[in-house]
Structures are given as C-alpha cells and as structure tokens.
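Proteins get letters first, then strands, A, B, ... in listed order; numbering begins at 1 in each.
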Amino acid sequence: ETGVTQTPRHLVMGMTNKKSLKCEQHLGHNAMYWYKQSAKKPLELMFVYSLEERVENNSVPSRFSPECPNSSHLFLHLHTLQPEDSALYLCASSQDFLVNQPQHFGDGTRLSIL
Amino acid sequence: DAKTTQPNSMESNEEEPVHLPCNHSTISGTDYIHWYRQLPSQGPEYVIHGLTSNVNNRMASLAIAEDRKSSTLILHRATLRDAAVYYCILGLMYSGGGADGLTFGKGTHLIIQP
C-alpha cells in the first residue's frame with residue numbers, strides 16, 4: 001500500500017491537448033515532489049513543494065505547470081507537450097524536504113504523447 | 001554533485017543473502033546514503049538510509065565503510081519479490097539555501113533465480 005495515489009495511471013494525449021495529472025497523499029506529509037522517469041534516463045526531479053510553496057524548479061519547460069492547492073494534493077498541468085515528454089511521471093511525498101527523510105512514491109502516470 | 005557507481009546487474013538465488021555494492025568516493029561529510037528500489041510497474045520504494053553507522057531495519061541492512069567511500073545493501077534472505085532495480089543515492093542535508101530531491105542513477109538490476 002503506497003499511501004501516495006496518482007491518477008490517471010495511463011494517459012494518451014495529442015500535442016495540442018491540455019490535461020492534468022493528480023497526486024494525493026494522506027500521510028500528513030508537508031513536502032511533495034514531481035519526478036520524470038524516461039525510458040533511457042534516470043529519474044529526474046522536476047518540482048518540489050513544501051507547505052504548498054514551490055521551493056525548487058529544476059529548469060523544467062513552461063509547458064509543465066505544477067499546482068499545490070493544499071499539503072495533500074499536487075497537480076501537474078500539461079499543455080502543448082512534445083513527443084519527448086512521453087515518460088512515467090512520479091509523485092512523492094516526505095515529512096519535510098530534508099533529504100534524510102524517506103520519500104514515499106506513487107506508482108506514477110504513464111504518459112504517451114502522440 | 002557527489003556520484004555513485006553501482007553494477008548494472010546482479011543475480012542471486014532465492015533464500016540466499018544478497019550484497020549490493022555502491023561506490024561513492026566523492027561523498028561529503030553531510031551526505032546521507034540512501035537506498036531505494038523499484039519493482040516493475042511501480043514507483044520507487046524506500047529501503048534504508050544511513051550517515052556513518054551501519055543500519056538495520058525490517059527490509060535490509062546497510063553496511064557503510066569506515067571512510068564512507070562505499071556501502072553495501074544486504075538483503076539477508078532474498079525472495080522472488082526482491083527482484084527490482086536498486087538505487088544507491090547520496091542526499092544532501094537541507095542547508096536552507098534550497099531543497100534537494102533525490103538524484104537517481106541507473107541502479108542495479110537484481111535478478112533472483114528460483
């Protein structure tokens with residue numbers, strides 16, 4: 001049981017579509033993260049939120065727009081994506097964003113861009 | 001960023017101990033050593049972490065060399081469910097100047113033979 005739930009599990013979209021990925025945690029954690037996992041590359045950190053404030057943005061293109069309305073929910077809004085954006089998008093949470101605390105991951109959204 | 005080096009893959013037999021090595025010769029004094037694993041079609045799962053002393057939990061043991069330039073994850077009795085990619089990661093303590101997510105490498109693909 002993961003404690004971090006991501007929806008949808010799979011998403012296929014065209015390059016001109018707009019969609020959103022959702023992440024939800026009820027672990028009482030204060031920090032949430034978006035990661036991207038491509039087929040031939042290691043996991044890449046995209047965004048970090050702590051107490052609903054963005055604290056890190058790792059040079060992610062503006063076609064990815066995160067939103068954290070409260071400490072339990074995290075969204076990733078997608079628009080005008082490129083084929084190279086096809087990947088597994090993983091959400092994680094931790095008690096705080098001190099890196100010595102374990103991160104709990106969801107099972108990801110598998111995104112395919114046509 | 002401090003890097004880690006792991007073998008690409010390892011094989012072991014079911015019900016035998018497994019020792020997964022990790023080299024991190026450029027580790028700094030404030031780097032924690034984390035291990036995560038990723039089962040097929042799932043997000044990464046926290047296994048264990050440590051700073052200087054050896055650590056044990058219900059999943060595994062972490063043996064850290066005295067000079068901290070290497071570490072070994074020990075699965076005491078491997079089962080088929082332990083077949084996964086195992087990631088050794090160095091995590092900086094939050095310094096107040098910014099947050100660090102986890103920097104994943106390619107990991108070790110552990111194959112368990114029945």
Evaluate whether atom [atom1] of [X] has more than 12 neighbouring non-hydrogen atoms of other residues, nucleotides or ligands under 6.0 angstrom away.
X: A:Glu53; atom1: CD; value: no
X: B:Asn8; atom1: CG; value: no
X: A:Gln82; atom1: CD; value: yes

Side chain, backbone, both or neither: which part of [X] has a non-hydrogen atom closer than 4.5 Å to chain B?
X: A:Gln6; result: neither
X: A:Leu90; result: side chain
X: A:Arg9; result: side chain

Consider only side-chain heavy atoms of I, L, V, M, F, W and Y, link residues closer than 4.5 Å, and tell whether B:Ile74 and B:Val85 are in one cluster.
no

Going hydrophobic residue to hydrophobic residue with side-chain gaps under 4.5 angstrom, can you get from A:Tyr89 over to A:Leu114?
no

Shortest non-hydrogen contact from A:Pro42 toward B:Gly105:
CB-O, 3.5 Å

Hey, what do you get for OH (B:Tyr46) to CD (A:Gln103), rounding to the nearest 0.5 Å?
11.5 Å

Within this structure, what is the CG-CD distance for the pair A:Asp107 and B:Glu45, rounded to the nearest 0.5 Å?
10.0 Å

